[in-house]
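Proteins come first, then strands; the chains are lettered A, B, ... in the order of their sequence lines, and each starts at number 1.
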Amino acid sequence: MEKTWVVNKFFEFLDGRFPDAKCELIHKNLYELAISTILSAQCTDEMVNRVTPLLFEKYPDFRALALSDIGEVKEIIRPTGFYNNKAKSITTLAKIVVTKYGGELPLVMELLVKLPGIGRKTANIILSEYATAEGIVVDTHVKRVSKRLGLTTHDDPIKIEKDLISLIPENRWGKISHQIIHFGRQICKARKPECSNCQMKDFCSYYKQ
DNA sequence: CTCCCGATAT
DNA sequence: ATATCAGGAG
């Protein structure tokens, strides 16, 4: 089936079903979004939202986090998993942001991805929320859904993003990741996808086998 | 490529 | 018991 046609059907479906999909990581500002997103690696955002209230109460900004005791940070974020790596990332990140960028993140892709704990996916989330989307967020849900719908055949997130960028108009880049993620969580699930109830099944290469 | 890692659904 | 969860670093 023609990719561009599948994509257009997908737009129509997503806009009808998830018209105002947005980021589900609870945050009040750029600092909180960046930290929440780093913590969300291989962890549900629900779990992240459970630990961040205490984390942000004790460390309300990069300056406070830079002065934190890493042991206390580890205990607070432990339930999100990978807590040693994540604690090291966010405390080191805070110190760099304070000393090098005056306490706030630079909203520039090339600078963001050099910072500890921030890769292409995290940077895309930050930019699409607080600046202009420079690309498309490719996380585990976007990867799975894109492959099932036949929009890409790759496993490498960078290659998947290139495929999606060529298929999706730029004015949708910021929102479509959130829409696909909602779709991936509720319907096109990893474990038990609800294909029988899915409006995309007639256009889905995964459903046809 | 491997390692990091706890919580939850299946 | 095991797969999966808004990945990133070495």
Side-chain N,O ([X]) to OP1/OP2 ([N]) below 4.0 Å:
X      : N     : value
A:R191 : B:dT8 : no
A:T80  : B:dC5 : no
A:N84  : B:dC5 : yes
A:R185 : C:dA6 : yes
A:T140 : C:dC5 : yes

Euclidean distance for [atom1], [N] against [M] (whole angstrom):
N     : M     : atom1 : result
C:dG8 : B:dA7 : P     : 22 Å
B:dC3 : C:dA6 : P     : 24 Å
B:dC4 : C:dA1 : P     : 23 Å

In whole angstrom, what separates [X]'s [atom1] from [N]'s [atom2]?
X      : N     : atom1 : atom2 : result
A:L39  : B:dC5 : CG    : C1'   : 13 Å
A:I181 : C:dG7 : CD1   : C1'   : 13 Å
A:I126 : C:dA6 : CD1   : C1'   : 12 Å
A:E194 : B:dA9 : CD    : P     : 15 Å
A:K192 : B:dA9 : NZ    : C1'   : 10 Å
A:D139 : C:dC5 : CG    : C1'   : 10 Å
A:Y83  : C:dC5 : OH    : C1'   : 18 Å
A:F183 : C:dA6 : CZ    : C1'   : 17 Å

Subject >> Positive for side-chain contact (heavy atoms from CB on, under 4.5 Å) with A:K9, one of A:F11, A:F13, A:W5 >> reply: A:W5
Original post:
Of the nucleotides C:dA6, B:dA7, C:dG8, which has the atom closest to the A:V137 side chain?
Top reply: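 In terms of side-chain proximity for A:V137, the closest of C:dA6, B:dA7, C:dG8 is C:dA6.
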**OP:** With the side chain of A:M47 defined as its heavy atoms from C-beta on, choose the nearest nucleotide among C:dT4, B:dA7, C:dA6.
**Re:**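 Closest nucleotide to the A:M47 side chain: B:dA7.
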Determine the contact category for [X]: base if any of its heavy atoms lies under 4.0 Å from a base atom, sugar-phosphate if only primed atoms, P, OP1 or OP2 are that close, otherwise nothing.
X      : result
A:E24  : base
A:L25  : base
A:P116 : sugar-phosphate
A:S89  : nothing

Subject >> A:D15 with A:R172: basic N within carboxylate O range, under 4.0 Å >> reply: yes
Original post:
Does the distance from a Lys or Arg side-chain N to an Asp or Glu carboxylate O, for A:R50 and A:E46, drop under 4.0 Å?
Top reply: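 Judged by the 4.0 Å cut-off on N to carboxylate O distance, A:R50 and A:E46 do form a salt bridge.
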Subject >> DNA chain C: 5'-proximal contact among A:S40 and A:V113 (nearest heavy atom) >> reply: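 That would be A:S40.
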**OP:** Tell me which of A:R50 and A:N85 sits closer to the 5' end of DNA chain B, going by the nucleotide each one is nearest to.
**Re:** A:N85
**OP:** Indicate whether any N or O donor in one side chain lies under 3.5 Å from an N or O acceptor in the other, for A:H182 and A:R185.
**Re:**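 Absent: no donor and acceptor within the cut-off.
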**OP:** Show your reasoning for whether side-chain contact (heavy atoms from CB on, under 4.5 Å) applies to A:F10 and A:F203.
**Re:** CA-CA 9 Å; A:F10 199 30; A:F203 317 102; over 6 Å; no
Original post:
Do we count A:F82 as stacking onto B:dC5 if the rule is ring centres under 5.5 Å and planes under 30°?
Top reply: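 No; centroid distance or tilt outside limits.
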Subject >> Proximity of A:F62 and A:Y101 rings by center, below 6.0 Å >> reply: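 No; A:Y101 has its ring centre 6.0 Å or more from that of A:F62.
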